[in-house]
Structures are given as C-alpha cells and as structure tokens.
Amino acid sequence: MTVARGQFVAVYGPSGSGKTTLLDLIVGLRSTPDSGSIRVDGREVAGMSNKEADEYRLHKLGIIGESGVLQQGATAVRAAAIRVAMDDARRAEKRVAPLLVSLGLGGRLKHRVEQLSMGERQRVVIALALSTDPQLVLADEPTGRLDSENTRLVLTLLRELCRERGVALLLATHDREVAAFADEVLELHDGKLRPYAADPRPALVDGIREGKAAS
Amino acid sequence: MSLKSTRFLYGAHIKARSVLVQLAFAIFGVAVGVALLFGSQISSTSLTHSAAELSTTQLVGTSQVQLDARGPEGFSEHVLEEVRRQPGVQSTFPVLERQVNVIGSSGERSVDLIGVEPTALRATIPLLRQFSANLLRHAHGIALPEPLSNEINAGAIVRLQIGARFVNTLVGTTLTPADIGRLVHSPVAVTSIDYAQKVANAQGRLNRIFVRYRPADAAATRSALARLAARSNINLNPAGFDAQVFGVAVSPESESELLFSSIAALVGFMFALNAMLITIPARRKLIEDLREQGATRKRTVQVLLFDASVIGVLACVLGLAVGDALSILVFRTQPGYLSFAFPVGNARVVTWQSVALAVVVGMLASVFGVLWPVRHILARRLRTAQRLTLTHGTQIALLILGVVCLAITTAVLLADTGAAVFGNATLIVALACLLPLLYRLLLRLLAPAVMRVGGVAAEMAVDELRAPQTRVRSLAVALLGAVAVFGVVEFHGVATNLQRGLDASARDLDSSADIWITPRGSSSLLGTITFAPFDSERLARIPGVSRVGTYRGSFLDWGARRLWIVAPASNSRSVVPSSQLLDSNATFASARVRAGGWAVLSQALVSEYQLHIGQSFTLPSPHPLALRLAGVTTNLGWPPGAVILNSAEYARGWEGSNPTAYELQTQSGIPVSAVRDRVGGALRSQPGLVAETSLQRQRRHYALAAQGLQRLTQIRWLILASAILAIVAAMGSLVWQRRDRIAADRSNGITRMVLWRALVWESALLLGAGSLIGAVWGLYAQLLGSHFLSTVTGFPVVYSIEGDAAVSGFALVNVVAVAILASWGWIAVRVRARSVSPAY
C-alpha cells in the first residue's frame with residue numbers, strides 16, 4: 001500500500017479485522033509486522049529508538065483520535081498548539097490560530113475545550129494533528145461519536161485540508177459512508193489489504209443523487 | 001437488593017485494574033488518617049493510666065483509707081500504734097517512701113524506694129503477692145523492675161544515692177510483668193520497711209499507713225482516724241488518693257494532650273476524607289454505569305455503601321496496625337519531670353475507646369466520601385450533563401460559612417480559650433470553606449509567573465489545574481496540603497511558645513543564684529531532695545563566694561494538688577521569678593516574701609481557693625502556716641501548681657530544716673566557673689553533692705522541659721509523616737488516573753521530559769498553594785493553642801508567631817512530597833504511547 005502526499009486513503013473492514021493494528025504499526029507502537037515493512041517518508045518505522053520515535057511522532061505524524069486527548073482546562077488554541085509548543089513555545093498559538101480559523105473555529109479560539117461542542121472539539125483534534133505539518137495523518141474512527149451532519153463536516157474539512165497542505169491521510173473505519181469520502185478505499189480482510197471490491201462510493205453517490213432528485 | 005446481588009455488582013465493578021488501583025489508593029489514604037488518630041490517642045491515654053497502676057491496683061489492695069505524711073520526712077511510727085488501737089481497724093500496712101537514685105554499672109535512674117512490712121506481703125497487697133516474703137524479711141536488699149534493672153545494668157549490687165549519701169545494696173530480685181503487671185515499667189524499688197528506714201536514715205519514720213477497717217464500723221473508725229490525723233498533722237485520704245492527685249497533676253498535660261490529639265484526630269479525619277474525594281471519578285463512573293444498567297437509586301446507594309464498607313474496614317485494619325506500630329516507635333519517652341513526684345512509667349496503654357474512635361472516624365470518612373457525589377448525580381436525570389463547577393449561590397454560601405467560622409474561632413480565642421478544640425474545628429471548617437476561593441486567587445496570581453518560567457510544561461500544568469473536570473480532585477489535594485501544614489505549623493509554634501515559657505521560668509528560678517549545690521542526679525532539679533546540712537560558713541569563706549543561702553523545697557498535697565514548694569533563701573538575688581508573675585507587682589511580691597508571712601501562689605490555686613492579693617490563707621504544711629498572698633504566677637512548669645515562700649518560713653512549716661540546695665552568689669569580676677571549681681573542690685568529702693553554675697542548671701531544666709514537650713513534638717512529626725504519606729497517596733491516585741492521557745500525549749509526540757515536568761509543576765503548584773494557605777491558618781492556630789495552654793492549663797507560655805514554623809512546615813511538606821511525586825511521576829510518564837484506537 002502506498003499513500004501519496006495529499007491523498008486520502010480509507011482502510012475499511014469490520015471490527016477485529018486489524019485496522020487498529022495496522023495504524024499502531026505505522027505509529028510505531030508495535031515492534032514489527034509479521035511480514036513486509038512500513039516506511040514513512042523513506043524511513044523504516046520499525047527499530048526506532050525512543051528518541052527517534054518521539055521525533056517521528058511529533059514531526060512526521062499526526063493522529064486524530066477522540067477529543068479526550070485534548071488538554072483539559074486549556075483554550076482551544078492552546079490545546080491545538082501543544083505539539084508546536086514543543087519546538088516553539090513563544091509562537092505556537094500564533095502558528096496554530098489560522099488552522100483553527102480554517103476549520104471554522106475562528107470565533108472559539110479562546111473558549112476552553114470543555115465549553116466546545118463535540119464537533120468543535122473534534123476539529124480542534126484535527127488542528128492538533130495538523131499543527132506540526134506532518135507528512136502523514138492517521139485517523140481511527142474519527143467521527144465515531146458525531147452525528148451525521150458533523151461527520152460530513154469534519155470529513156470534508158479534513159479532506160480539503162490534507163489536499164491543500166499535501167498531507168497523506170490514512171483513515172480506518174468500519175463505516176462505508178465514512179469510507180466513501182476517501183480518494184481510495186482499501187479493504188482489510190484476514191490481515192491482508194486489497195482494493196475494496198464493493199466500493200461504497202458509487203452507492204453513496206447514487207443515494208445522494210436520489211436524495212437530491214426527491215427533494 | 002440482597003447482599004449477594006450487591007456483592008456481585010460490586011465485584012464486577014472492581015475487576016477493572018484501574019478501579020482496583022483507585023480502591024487501593026483510597027484505602028491507603030483513609031488508613032493514614034486512622035493511623036494518625038489512633039497513634040495520637042494512645043499517646044494521650046497512656047500517661048494517665050500509668051501512675052494509676054501503682055497505687056490503685058498494687059499498693060492499695062483492699063485498704064479503704066490512708067494516713068499520709070504532709071512532708072517528705074514522714075511521721076513517727078508511734079502513729080501506727082495509735083492507728084492499730086482504733087476501733088474497727090482490721091489491718092494496717094505501713095509504707096516508707098523516699099526518692100532515691102539507683103546507680104548501676106551503666107547508668108542511673110531516679111526511683112521511688114518503697115519500704116513495706118514483710119508480714120503484710122502475703123495479705124492483700126497484690127503488688128507482692130508472688131514475691132518471696134522470706135527474701136524480703138531476711139535479706140537486706142531491694143527488688144527492681146526488670147526493665148529498669150536492665151537499663152542501668154544493675155547486677156547483684158547497686159549503689160543507692162539518698163540525698164547526698166551513698167549506700168551499696170543487694171538487688172534481691174528483679175520483678176517481671178508476671179509479678180507486678182504493667183507496673184514493671186514504673187520507676188520503683190521495693191524493699192522491707194526496716195531496710196528502707198535504715199538506708200534513708202529514717203529510723204522510726206513512716207510516710208503512709210494504709211488502713212483496712214470493718215465496713216460496719218466505717219463511720220466511727222473514720223472519725224477516730226480523722227481526729228488522730230488532725231492532732232498528728234497528717235492527712236487522712238482515700239486509699240486511692242494518689243490516682244486522684246496524679247489525675248490533677250496530669251490534668252493540664254491531659255488537657256493539652258487532649259487538645260493536640262483532637263487536632264491530630266481532626267487532621268486524620270481530613271486526610272481520610274480527602275483520600276475518598278480524590279477517587280470520586282471512579283465512583284461517579286460506578287454510579288452512572290449502575291444507573292445505565294437499570295439500577296434504582298436505592299440499589300445504587302446500597303452498592304456504594306458496600307463500597308464504603310470495604311474501604312472503611314480494610315483501611316481501619318491497616319490504619320490500626322500502622323498506628324499501633326507508630327505509637328511504639330514514636331511514643332517511647334518517660335513523662336520526665338512528673339516522675340519526681342509520682343512513680344510514673346512509660347507503659348503504652350491501648351484502650352478500647354481509642355480503637356473505637358479510630359474505627360468510627362475511618363468509617364465515617366469512607367461513608368461520607370463515597371456518598372459525596374451521590375446526591376447530585378442521583379438527583380439529576382441520567383444523561384443530563386454534570387455540573388462541574390460550583391454554582392454562584394454555593395460559592396457565596398461557602399464564603400459566608402467560612403467567614404462565620406473564622407469569626408467563631410476568633411471569639412473562642414478572645415473569650416473562652418477553654419473551647420480550643422471547638423475553635424480548632426471551626427478553624428479547619430473555615431479553611432475547607434474558603435480554600436476554593438483562596439486557591440483560585442492564588443493560582444490566578446501565580447500562573448503568569450509560573451508559565452513564564454516553566455514554559456510549555458508549566459502551561460500544561462496550569463491548564464490541568466484550571467480544568468473543571470479535575471477541580472474537586474485538585475481542591476482535595478490542596479486541602480490535604482493545607483491541613484497538613486496547618487497541623488505541623490500549629491504544633492511547632494505552640495511547642496516553641498511553651499518551650500520558651502518553660503525556659504523563661506527555669507531561667508528566672510535558676511538565676512537567683514550564681515552557683516547551686518544540690519544532690520547529684522536529675523531528681524534534684526526541682527530542689528526537693530534533702531541532704532544533711534554542712535557548715536555554710538565554710539562555703540562562704542571560699543574565694544569568690546560573696547553570699548550563701550539555704551534553699552529548701554518539697555512537694556505538698558493541698559486538696560487534690562501535689563504542689564511544688566519553692567523556698568529560696570531570703571537573701572537570694574530574686575525570690576520571685578518576675579517573668580512568671582501574672583497581674584502582680586514584682587517588687588511588692590518579692591519584698592513581702594523576703595520579709596516572711598507572705599507567699600506567692602499559682603493561678604490555679606488562687607482560682608480554686610478564690611484568693612486575692614493580700615488575703616490570708618493557711619498552707620497545710622506539716623505545721624500549718626498562716627500566710628498572706630503576695631502575688632500570682634503561672635504554674636512554673638509544674639502542672640498542679642507551685643507555692644513560693646522564703647526558706648526560713650519553710651523551716652517553720654516543715655519538720656526538719658535540712659536544705660535541698662545551697663545558693664551561692666559570687667563576687668563580681670570573678671568568673672563563675674572558676675568559683676564553681678573551687679566549690680567543687682570543697683565538696684570532695686561529699687561525693688553525693690554537686691556544684692553547678694546557674695547556666696548549667698538552666699540547661700538541665702531546658703532539657704527536662706524539652707522532654708516534657710516531647711509528646712507534642714512527636715505528634716507533630718506524626719502529622720508530618722502522615723501528611724506526606726496522604727499527599728503521596730492522593731497525588732499518586734491523580735497521576736494514575738492520568739495514565740491514559742499521558743499515553744495519548746506520548747502518541748502525539750509530547751516527550752516524557754515535558755510530561756514529567758508538567759506533572760512536577762502541577763504537584764508543586766497544587767501543594768504549594770494549599771500549603772501556603774495552611775501555613776497562614778496554622779499561624780492563627782498557634783495563637784489559639786498557646787492561649788489555651790496559658791489560660792486553661794496555667795503553663796508559662798511566651799506568645800509569639802512562629803514564622804519559622806510556617807516556613808519549615810511549608811518547605812518540609814512540599815519538598816518531600818514533591819520529591820516523592822517526581823519519582824513516581826518519572827515512572828508514570830514511561831507509559832507506552834497509546835494505541836490510535838481509543839478502545840485499546
């Protein structure tokens with residue numbers, strides 16, 4: 001599998017198919033894959049030292065998890081700026097603010113995380129992931145707790161931002177509608193990746209067309 | 001819901017490792033509080049029980065009354081014959097007692113030498129029921145308690161110092177706990193009355209006669225004995241009178257220990273409660289899980305109470321064990337000066353009341369802490385968002401309550417310091433109510449500077465402390481730090497104020513002479529051990545000596561008080577310690593006492609007998625003295641109180657005019673130490689006497705006072721140790737709850753060093769803010785405790801705000817706790833970066 005910069009790839013598969021294992025291998029949380037290798041920006045992931053792994057996760061990767069990872073008590077801009085602050089504490093918030101504005105949170109920068117809605121928090125999580133200009137962003141069910149409207153909003157923003165910034169996005173999901181947002185869908189079956197045979201995107205597009213026709 | 005169902009639900013809940021860990025922290029935190037409370041209670045009850053053992057259970061036996069000498073020289077044996085002739089008297093048990101020094105090969109101890117009639121041994125005196133009557137009847141020797149014998153390495157022969165004389169004596173036997181029970185820890189030596197009279201040079205003298213009479217003749221016998229006592233100038237008291245007198249003697253110390261053990265108990269309760277509050281998130285989750293699964297409110301409370309019971313029982317068991325161990329390790333001292341007048345030991349006494357109190361407090365804290373979040377959660381609908389901050393109304397209510405409690409404390413301080421325990425309780429309540437506001441203000445004040453200095457790690461810490469989700473836990477830890485430092489600062493300050501007061505009293509009393517000649521040994525420090533007089537003219541001729549005065553002193557029972565009689569020579573530099581006078585004129589008092597016919601009394605006596613300056617009273621000395629009140633003092637460090645009169649007056653009132661010390665004034669311009677050395681040379685023929693300078697004597701007094709205050713110091717260290725343990729448990733719990741977030745931060749590339757520094761900053765800010773508030777509160781509490789000691793117990797106290805105590809208490813708690821937490825945090829941040837999936 002190759003994910004190019006600016007490309008959005010979804011890994012689709014039911015629970016227990018190995019989606020999280022795949023992402024953990026890419027993050028470097030597990031030692032080595034059973035076979036094959038994982039390279040990010042030409043660098044082998046397995047076998048990194050602790051210091052190299054920290055550096056890799058900070059500058060090469062971004063992870064979109066649940067909103068609980070955000071620093072409690074912090075403002076939206078500060079919560080999103082924590083990764084940047086590792087290198088440049090003085091200008092971290094200034095650097096991250098435009099990203100938050102592009103995510104539609106311009107009027108919420110100084111609100112505390114606990115004052116934001118679920119959808120807004122998830123957008124802060126996206127900003128956090130993108131804040132250090134990573135080359136690859138990983139997301140595991142990033143919209144699992146959102147309603148359909150917020151899901152559509154978050155995924156659309158995510159796709160546009162990754163394209164604009166040339167960031168590769170790899171998203172794991174068991175939801176076909178979420179997978180439909182990707183440029184390419186791969187299926188994980190019995191530990192093996194293959195192009196998704198029943199590509200959900202045409203059905204979804206048809207569904208949208210039908211919906212539009214009905215309205 | 002049945003107990004089985006409750007257990008099932010609870011068992012399912014605690015299967016999760018995170019819940020088990022939280023449970024462990026809660027148990028540990030509550031146990032620390034229980035240990036502190038239990039340990040301090042043992043300290044305060046052991047003292048009062050120890051001397052009661054001697055008289056009431058051992059010497060007294062079945063006697064109903066005792067005839068008791070008023071002075072240390074005792075009374076004639078002829079009185080015994082008269083007592084035996086009284087109608088209704090069935091048996092009599094005469095006793096001779098003397099304060100002596102027992103000197104072994106590796107130490108010496110001041111003991112109460114008790115001489116009893118061998119024929120009475122097998123009768124009704126439990127003390128010697130198992131003792132060999134033959135041994136005592138025929139052997140000229142003494143029996144020593146085993147611990148004492150081991151302590152001084154007694155061997156077969158010991159030296160007895162009586163006054164200034166030495167006598168070698170056989171140790172006939174050592175007494176074990178099987179012989180005399182807990183009395184084995186008391187400083188006594190037992191012998192036959194004949195031998196005691198011989199070694200004490202008190203042939204034909206007795207100190208007491210215990211009397212058993214026929215109950216049917218009680219009235220007539222008592223009346224006859226009362227008449228006999230009156231004409232012989234001796235006291236007729238109940239047989240168990242010593243316990244009563246001792247009770248009065250330790251009353252001030254008991255009251256002060258009650259105050260301080262109560263404070264320790266309050267502090268212990270707060271520690272226990274905070275441990276529960278910190279684990280609230282786990283309990284909230286339990287409640288919500290139960291309700292989501294369909295449990296009714298009643299069933300939810302049942303499960304929670306089961307949770308409280310598990311925590312409470314396990315914590316109490318652990319706490320009692322730790323508290324018991326601490327009391328053995330920490331509270332091992334003798335009560336110092338009290339042993340000069342009472343044969344009181346250092347037995348450790350554990351009462352069921354101490355155990356019950358500790359258990360009740362531990363369970364209360366567990367139940368209250370468990371049910372704390374329940375009211376709000378059960379009151380609202382299941383999915384309603386939980387309010388994480390206090391409502392405006394609640395904040396106002398807390399502010400008002402805090403201010404009211406502060407006002408009550410101030411009222412207690414100004415109007416009625418006898419209610420110091422209550423005052424401390426309201427002060428702690430005020431602390432708890434006002435802490436949230438003060439903590440928020442402090443954080444707002446400190447945050448900018450901290451963030452500037454600490455960078456991103458400090459920012460993370462400050463954000464964490466501001467988060468509403470962690471507000472209750474943060475406040476609980478801050479309160480823990482505040483209460484801990486409050487306790488430490490109060491105890492340190494009060495102990496220091498009391499020490500200074502006692503030192504001032506000692507300094508004033510001892511500086512009435514430049515050189516003191518007294519019998520060797522610690523028991524002569526209060527000037528109550530007589531010795532055979534020698535030519536004071538010879539002393540006056542020693543180069544450098546300008547004046548010699550005869551000092552006399554003893555103990556005298558007046559009512560239920562065993563008073564310290566202080567009788568300096570009229571020509572002493574000072575006869576009345578001016579620093580100890582209360583509302584009295586020092587010049588007037590001194591002049592009157594020098595002239596004779598006047599005396600100075602302690603405040604407690606003046607209050608008890610409702611005297612005023614100039615009023616006449618009769619001192620119940622062996623030859624009663626009619627005196628007038630010249631001044632009022634503190635208790636000079638002797639809890640029951642003291643009487644100061646001049647030495648010549650004393651000689652009139654007591655049989656025998658033997659000195660208990662010589663006071664020497666030196667000529668100016670000549671080093672006192674040089675004169676002391678010359679005096680020491682002149683005493684070579686009297687090896688039982690020692691010459692020391694006023695400064696040397698003061699230092700011995702200071703050491704004695706410090707020993708008397710040791711329990712206070714020990715309770716302070718106990719609180720400090722408990723505080724650090726409680727804080728470590730609380731912060732450990734917080735850090736444990738943070739592990740998931742730490743793992744997530746690691747996944748985001750936040751380095752271990754940054755995360756560790758954030759934890760350290762958070763601990764330092766939390767504890768620092770809480771400790772600072774607690775230190776201020778502790779300084780206020782010092783005033784409360786010091787005033788209590790002064791007005792209620794009569795101890796001399798120097799009022800001052802001990803800022804050192806605040807600084808050292810603050811520094812100790814923070815430095816040690818943060819250091820331990822830094823180590824713990826270093827381990828915590830080594831957690832692996834978290835899986836991308838929140839499910840893992």
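Computed from a prediction, not measured in an experiment: that's the story for all the values here. We name chains A, B, ... by the order of the sequence lines, and we start the count at 1 in each one. These numbers come from the heavy atoms of this one structure, side chains and all, not from hydrogens, waters or symmetry mates.
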Task: Pairwise distance CG(B:D463) to OG1(A:T75) - rounded to 0.5 angstrom - done: 6.5 Å
Task: Contacting region of B:M451 [heavy-atom separation from chain A under 4.5 Å] - done: side chain
Task: Reported CD-to-OG1 distance for the pair A:E55 and B:T751, which is rounded to 0.5 angstrom - done: 10.5 Å
TODO: Measure the CG-OG distance between A:L23 and B:S747 for me, rounded to the nearest 0.5 Å.
DONE: 11.5 Å
Open item on the list: If you define the side chain from C-beta out and look only at heavy atoms, does anything of A:I82 sit under 4.5 Å from B:E459?
Closed with: no
TODO: Inspect the contact between A:D54 and B:R746 and indicate whether a charged nitrogen and a carboxylate oxygen are less than 4.0 angstrom apart.
DONE: yes
Task: Nearest heavy atoms of A:G73 and B:A467, plus distance in Å - done: N-CB, 3.5 Å
Open item on the list: If we ignore hydrogens and angles and just use 3.5 Å, is the side chain of A:R83 paired with the main-chain N or O of B:N748 as donor and acceptor?
Closed with: yes
Open item on the list: Heavy-atom cut-off 4.5 Å, strictly under: side chain, backbone, both or neither for A:L128 against chain B?
Closed with: side chain
Task: Flag if over 12 foreign heavy atoms under 6.0 Å of CZ, B:R830 - done: yes
- [ ] For each of B:V754, B:L465, B:I750, tally heavy-atom pairs with chain A at distances under 4.5 Å, and name the one with the top tally.
- [x] B:I750
Open item on the list: Does any backbone or side-chain atom of A:R78 lie under 4.5 Å from a heavy atom of chain B? Answer side chain, backbone, both or neither.
Closed with: side chain
- [ ] Take atom CZ of A:R5 as the centre, draw a 6.0 Å sphere, and report whether it contains more than 12 heavy atoms from other residues, nucleotides or ligands.
- [x] yes
Task: Greatest number of heavy atom pairs closer than 4.5 Å to chain B - which of A:A74, A:A85, A:A89 - done: A:A74
